[in-house]
Each structure stands twice: as C-alpha cells, then as structure tokens.
Amino acid sequence: MKYWLMKSEPDTYSWDDLERAPQQTGSWEGVRNYQARNFMRDEFKIGDQVFFYHSSCAEPAIMGLAEVVREAYPDPTAMDPSSDYYDEKSAKKGNNPWVMVDVKVKKRFTRPITLAEIRGIPDLSELALLRPGQRLSVQPVSHEHAKRLIKQS
DNA sequence: GCCAACGTTGGC
DNA sequence: GCCAACGTTGGC
C-alpha cells in the first residue's frame, strides 16, 4: 500500500466537497500533467492512502486522508469542450491520454495540518511538498513521512 | 534536438 | 499582485 499527496484548490474542489459527495467519493478529474498522470495510471492501487492538500488558498494545509477506491480510468472532461479541463489537441486527435481515479473519505484530521506547521517539523524536511518550486499535483509520500503526518494529526 | 518565449503553479 | 520555478511550445 502506498501513500500519496494530492493537491486541490479548495475553491475548485475542497475536502468538504468530497465529504458531501455521494458515498463521500469523488473522481479526481482534471490532472493535465504527464508525471502526475503516470503516477495515477501506473501506480495508484485500490487501498492506497491519499493526503488531501488544499493549495492556492489562505491557509495551505492537509485536510485529511482519503483512500483510492477505483483505479485509473479515462477522464471524460478532457474530451468535453464545455469543461474547464478540455484538452482540445487530444480531443481533435481522437484519443484521450488523461486518466482519473476515484477517492473516498477515510478520515478527516481533527484539524488541518498547515503548510507552516509541516515546515516546522524536522522529520518532514525532505517531504516533496516542501521542495521549492514543487508544483506536481500528485506526489508520492514515503511511509515514514506518512506516519509522521498522521501522528501530527 | 536545442533553447527562448510563454504559460502555469502556488506561496507569500 | 508579485515572482520564482518549472513545464510546454514552437521556430530553427
């Protein structure tokens, strides 16, 4: 079982949105970066645990843990001209290179673990999230880092 | 295949 | 809104 961190802008899709969704399950649509896609397509397995991170907001923070409940399948928003995630080039070529996974709420943290708090924890200094310029929206998290994050929650 | 220009991410 | 970091694009 692997751990991951996935970023979402809460204005677009928040932890609360996931909690309110049917079966507390949501499709992680809109990933348009090949490295992030490859993680989802090649490595995400049912049962993997996902730290849900709020980015580009007043208080960037990990909100809780979700669990992968469906492995990679085509992301239809890439082929949908009315979607914000429409990929015109791929749509015109008629093949969809983009995938998504479904994740389900596992456990909301008793409080958000803020980015500032994470920066203050020496054991987490190597966390990919803290690397300058790290923009990847899907990142692997080591078991050691995952345990430390869960302990912090 | 190089690389400059451009666009996006995301913290501050 | 600023700006650094990085990915993507496109001319050559």
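Keep in mind the model is a prediction, meaning the values are calculated, not measured. Reckoned from all heavy atoms, side chains included, excluding hydrogens, waters and symmetry mates. Letters A, B, ... mirror the listed sequences (proteins, then strands); counts begin at 1.
Ranked by how close their nearest DNA chain C nucleotide is to the 5' end, A:Gln35 and A:Lys89 are led by A:Gln35.
Between A:Arg108 and A:Asp16, at least one side-chain N (NZ, or NE/NH1/NH2) sits under 4.0 Å from a carboxylate O, which counts as a salt bridge.
Distance CD/A:Glu126 to NE2/A:His145: 6.5 Å, rounded to 0.5 Å.
Protein chain A contacts DNA chain C from C:dA5 to C:dG10, reading 5' to 3' and using non-hydrogen atoms of the protein with a distance under 4.0 Å.
For A:Asp42 (side chain) and A:Phe39 (main-chain N/O), no donor-acceptor pair under 3.5 Å exists by modelled atom type. Side-chain atoms of A:Asn96 come within 3.5 Å of backbone atoms of A:Asp75 as a donor-acceptor pair (strictly under, hydrogens ignored).
With side-chain heavy atoms closer than 4.5 Å counting as contact, directly or through intermediates, the hydrophobic cluster containing A:Leu149 also holds A:Met1, A:Tyr3, A:Leu5, A:Phe51, A:Tyr53, A:Ile62, A:Leu65, A:Phe109, A:Ile113, A:Leu115, A:Ile118, A:Ile121, A:Leu124, A:Leu127, A:Leu129, A:Leu130, A:Val141, A:Ile150. Through direct or relayed side-chain contacts under 4.5 Å between Ile, Leu, Val, Met, Phe, Trp and Tyr, A:Tyr73 connects to A:Met100.
In the region residues 122-135 of chain A, proximity to DNA chain C at under 4.0 angstrom, judged on heavy atoms, holds for A:Pro132, A:Gly133, A:Arg135. For residues 50-61 of chain A, proximity to DNA chain B is found at A:Tyr53, A:Ser55, A:Ser56, A:Pro60, defined as any non-hydrogen atom under 4.0 angstrom from a strand atom.
Sequence neighbours left out, the pairs with a member in residues 80-100 of chain A that pass ring pair (Phe, Tyr, Trp, His ring centres under 6.0 Å) are A:Tyr34-A:Trp98.
Under 3.5 Å, the side chains of A:Thr77 and A:Asp80 contain no donor-acceptor pair of N or O atoms.
Heavy-atom minimum distance, A:Pro10 versus A:Asp17: O-OD2, 4.3 Å.
Taking the six-membered ring where the residue is Trp, the centroids of A:Phe52 and A:Trp4 are separated by 6.0 Å or more.
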